[in-house]
Amino acid sequence: MITIGIVDNDRFALPMLDMPLTDIPGPEICRRVRAASADIVVLGITSYSLDHYRQLAIDAGAQGLIAKSVTPKKELAEAMRNVLVRPFPGFPTTEQAHGSIVSASARRPRTLSKREREVLGLYADNYSTA
């Protein structure tokens with residue numbers, strides 16, 4: 001789920017990503033957004049411990065992370081305004097994060113490892129993860 005914090009002329013000005021999604025985790029969505037753009041500010045949000053997701057959010061290229069329990073709404077709005085001006089302490093700027101994600105992607109091997117091919121072959125043969 002992507003929660004839209006602020007929308008400006010049909011463009012995401014501040015996507016808020018829920019970190020512990022089941023189908024595709026928030027950090028992975030963030031990483032994809034960041035690889036595609038150095039312009040979009042991303043704010044992570046979670047009901048779990050901020051300590052658990054902090055480094056994941058940073059590594060994925062987010063500019064901040066807040067708890068879902070942020071209340072009153074005035075504090076949430078303030079956090080959203082603040083992250084649009086500058087990243088939270090310890091978080092990268094959009095440009096820094098984009099550069100980091102793009103260079104990491106360039107270093108990643110483009111082919112599957114021998115083990116990855118073996119596992120995919122087992123799936124093709126109807127073996128389960130068990």
Side-chain angles (χ1 to χ4, degrees):
M1 175 177 101
I2 299 177
T3 303
I4 305 307
I6 299 170
V7 179
D8 178 22
N9 296 327
D10 297 324
R11 181 177 176 276
F12 300 115
L14 179 60
M16 291 175 55
L17 301 177
D18 196 351
M19 293 288 109
L21 295 173
T22 53
D23 291 339
I24 180 167
E28 179 57 28
I29 296 170
C30 182
R31 192 172 286 104
R32 291 178 187 188
V33 167
R34 187 54 57 229
S37 172
D39 299 326
I40 300 171
V41 173
V42 177
L43 181 61
I45 187 167
T46 183
S47 58
Y48 295 95
S49 165
L50 292 180
D51 291 337
H52 176 77
Y53 282 104
R54 180 179 167 79
Q55 193 59 50
L56 289 170
I58 290 170
D59 293 346
Q63 283 55 69
L65 178 66
I66 59 172
K68 283 185 179 178
S69 62
V70 171
T71 54
K73 291 184 182 358
K74 179 180 173 185
E75 290 177 22
L76 175 59
E78 184 177 325
M80 292 166 67
R81 276 192 301 275
N82 288 342
V83 79
L84 286 170
V85 174
R86 76 178 64 78
F88 286 14
F91 282 79
T93 64
T94 57
E95 294 85 5
Q96 291 167 334
H98 177 71
S100 177
I101 297 289
V102 168
S103 69
S105 177
R107 290 190 306 266
R108 214 175 297 147
R110 297 289 182 207
T111 60
L112 296 176
S113 70
K114 180 180 176 185
R115 178 67 180 148
E116 289 169 328
R117 288 190 303 272
E118 180 183 337
V119 169
L120 286 174
L122 292 170
Y123 274 121
D125 292 336
N126 291 320
Y127 283 90
S128 70
T129 56

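Heavy atoms only, all atoms of each residue included: P92 and A62 are closest at CD-O, 3.5 Å. For V41 against V83, the heavy-atom pair with the smallest separation is CG1-O, 3.6 Å. Among all heavy-atom pairs drawn from P20 and I45, the shortest one is CD-O, 4.5 Å. For the pair R34 and A60, the tightest heavy-atom approach, listed with the atom from each and the gap, is CB-O, 3.8 Å. Across A38 and T94, no two heavy atoms sit closer than the pair O-OG1, 2.7 Å.
Remark: R86 CZ is loosely packed, at most 12 non-hydrogen atoms of other residues, nucleotides or ligands lying under 6.0 Å away.
Residues R54 and F91 are in side-chain contact: their nearest non-hydrogen atoms beyond the backbone lie under 4.5 Å apart. Put simply, the side chain of L84 does not reach to within 4.5 Å of the side chain of M80, judged on heavy atoms. The side-chain heavy atoms of L43 and F88, taken from C-beta on, include a pair separated by under 4.5 Å. The shortest side-chain heavy-atom distance between P27 and M19 falls under the 4.5 Å cut-off.
Summarising the geometry, atom CG belonging to D51 is positioned 9.5 Å from atom CG belonging to L65; distances are rounded to the nearest 0.5 Å. Atom CD of Q63 and atom SG of C30 lie 7.0 Å apart (nearest 0.5 Å).
With hydrophobic clusters built from ILVMFWY side chains whose heavy atoms lie under 4.5 angstrom apart, I24 shares a cluster with I40.
When each of V42, D18, L21 is paired with I29, the side-chain contact (heavy atoms from CB on, under 4.5 Å) condition holds for L21 and for no other.
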Worksheet item: Please walk me through it: do M16 and I66 pass side chain to side chain contact (heavy atoms under 4.5 Å, CB included)?
Response: CA-CA 10 Å; M16 291 175 55; I66 59 172; 4.1 Å; yes
Worksheet item: Passes salt bridge (Lys or Arg N to Asp or Glu O under 4.0 Å), R81 versus E78? Steps please.
Response: CA-CA 5 Å; R81 276 192 301 275; E78 184 177 325; 5.2 Å; no
Item to complete: Report the C-alpha separation of R32 and E28 in whole Å, then their side-chain angles, then the decisive distance to 0.1 Å, and conclude whether the salt bridge (Lys or Arg N to Asp or Glu O under 4.0 Å) test is met.
Response: CA-CA 6 Å; R32 291 178 187 188; E28 179 57 28; 3.0 Å; yes
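Under a 3.5 Å cut-off, the side chain of S100 and the backbone N or O of Q96 do not form any donor-acceptor pair.
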